[in-house]
Asker: 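Structure below; questions to follow.
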Amino acid sequence: MPELPEVETTVRGLATVLAGERLTRVMVRRPDLRRPFPPDLVQALTGARVVALGRRAKYGLIQTDRGRTMVFHLGMSGRWRIDPGEIGKHDHLVLETARGRVLALNDARRFGSVDLVDTAALDAFGPFAALGPEPLGPGLTVAHLAQAFDGRVAAVKLVLLDQGVVAGLGNIYVCEALHRARIHPERAAGAVSRAALSRLVLEIRAVLEEAIEAGGSTLRDYARPDGELGYFAKEWRVYGREGKPCGCGGTVRRIVQGGRSTFFCPRCQK
Ligand SMILES: [Zn+2]
């Protein structure tokens with residue numbers, strides 16, 4: 001499943017092809033993904049110029065000069081293909097630019113989504129309205145976390161997965177950031193010390209930025225035909241490493257919290 005860094009890398013890859021370009025052809029090749037495509041999608045995008053690309057949480061934003069923004073989510077299996085040699089069965093939305101570049105939104109499982117939103121009203125768009133600050137933006141501070149965690153007895157891991165506390169943080173990155181900040185995932189959020197919160201803010205940023213950098217190093221590949229955006233290999237310190245050694249000499253354990261796996265090191269996470 002694409003996480004925030006994959007979406008960020010995808011948006012940067014799309015920008016290399018779309019930024020400033022006019023869309024000359026838009027094809028919707030089936031009625032829906034997780035929900036129907038907007039009925040006016042083809043009309044709204046055909047002939048429009050892309051003025052900016054961006055990201056909010058795990059959503060990609062393609063802003064046009066018509067005051068409307070296409071908002072996409074990659075769901076479980078979505079990815080963009082750049083200049084695919086031929087359009088495939090799972091290429092559900094195809095954009096062509098005036099320069100003849102082709103972008104295909106490919107989503108075999110169709111858990112993704114595409115919406116059209118008035119750019120001026122993006123903050124009020126349903127999925128965005130209740131989101132907390134971006135983890136890589138200025139809103140994620142020690143003070144913000146201290147306030148969000150204050151008095152909460154729920155496990156810090158579960159509170160961090162709450163998109164209203166921090167936007168776009170997924171299971172992998174929460175596990176990795178807690179490990180790097182040396183915070184036990186089952187600790188009550190309200191009992192995490194100020195010093196540990198300082199480490200947490202830094203490590204959330206670091207783990208995301210390192211992943212984006214790793215994805216960026218594959219940007220070269222985007223230029224070639226059949227380039228695909230959305231996924232890249234990463235190495236984790238605890239995620240998926242049950243029973244393997246931690247850098248501290250301890251052993252990584254797996255527990256289940258809120259129905260999802262948590263990987264951590266009981267020796268260095270307190
Ligand atoms: Zn350890």
Side-chain angles (χ1 to χ4, degrees), residues 1-9 57-58 76 132-218 230-270:
M1 177 192 291
E3 297 266 1
L4 185 153
E6 282 94 342
V7 178
E8 178 67 29
T9 309
K58 294 186 212 173
M76 304 286 288
E134 284 289 322
L136 295 174
L140 177 62
T141 60
V142 174
H144 169 73
L145 285 187
Q147 188 184 31
F149 288 5
D150 187 39
R152 305 228 5 214
V153 295
V156 60
K157 155 125 196 256
L158 297 178
V159 175
L160 281 175
L161 284 175
D162 177 347
Q163 302 296 295
V165 171
V166 184
L169 271 192
N171 196 34
I172 296 174
Y173 292 94
V174 168
C175 289
E176 292 289 311
L178 285 172
H179 175 254
R180 293 163 64 132
R182 307 192 305 279
I183 300 167
H184 197 292
E186 290 180 305
R187 175 170 284 275
V192 177
S193 72
R194 195 91 180 177
L197 288 183
S198 292
R199 296 198 300 271
L200 184 56
V201 167
L202 292 174
E203 296 298 352
I204 287 171
R205 292 224 178 89
V207 71
L208 292 170
E209 280 167 359
E210 284 171 23
I212 290 167
E213 203 172 311
S217 67
T218 67
Y231 301 87
F232 42 89
K234 291 176 289 284
E235 276 182 19
W236 306 118
R237 297 187 191 181
V238 288
Y239 190 82
R241 298 190 69 247
E242 183 180 14
K244 302 246 171 68
C246 172
C248 76
T251 302
V252 176
R253 278 191 57 200
R254 184 182 77 90
I255 56 174
V256 175
Q257 292 180 281
R260 305 180 71 185
S261 289
T262 299
F263 297 88
F264 73 105
C265 171
R267 182 165 168 192
C268 62
Q269 291 177 252
K270 302 294 178 193

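Excluded from the calculations below are hydrogen atoms, water molecules and symmetry mates; all remaining heavy atoms, backbone and side chain alike, are included. Read the numbers this way: they start at 1 and go in the same order the structure lists the ligands and their atoms.
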Asker: Keeping waters out of it, list the protein N, O or S atoms under 2.8 Å from the Zn ion (ligand 1).
Answerer: Cys246 SG, Cys248 SG, Cys265 SG, Cys268 SG
Asker: Looking at CG of Leu4 and NZ of Lys58, how far apart are the two atoms once the value is rounded to the nearest 0.5 Å?
Answerer: 8.0 Å
Asker: What distance separates Arg253 CZ from Cys246 SG, expressed to the nearest 0.5 Å?
Answerer: 13.5 Å
Asker: Under a 4.5 Å cut-off applied to non-hydrogen side-chain atoms, are Asn171 and Lys157 in contact?
Answerer: yes
Asker: Is the backbone N or O of Pro185 less than 3.5 Å from a side-chain atom of His179, with the two atoms forming a donor-acceptor pair by type?
Answerer: no
Asker: Out of curiosity, Arg241 CZ to Phe264 CZ, how far, rounded to the nearest 0.5 Å?
Answerer: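 Here the interatomic distance stands at 14.5 Å.
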Asker: To the nearest 0.5 angstrom, please state how far the CD atom of Glu8 sits from the CG atom of Leu208.
Answerer: 10.0 Å
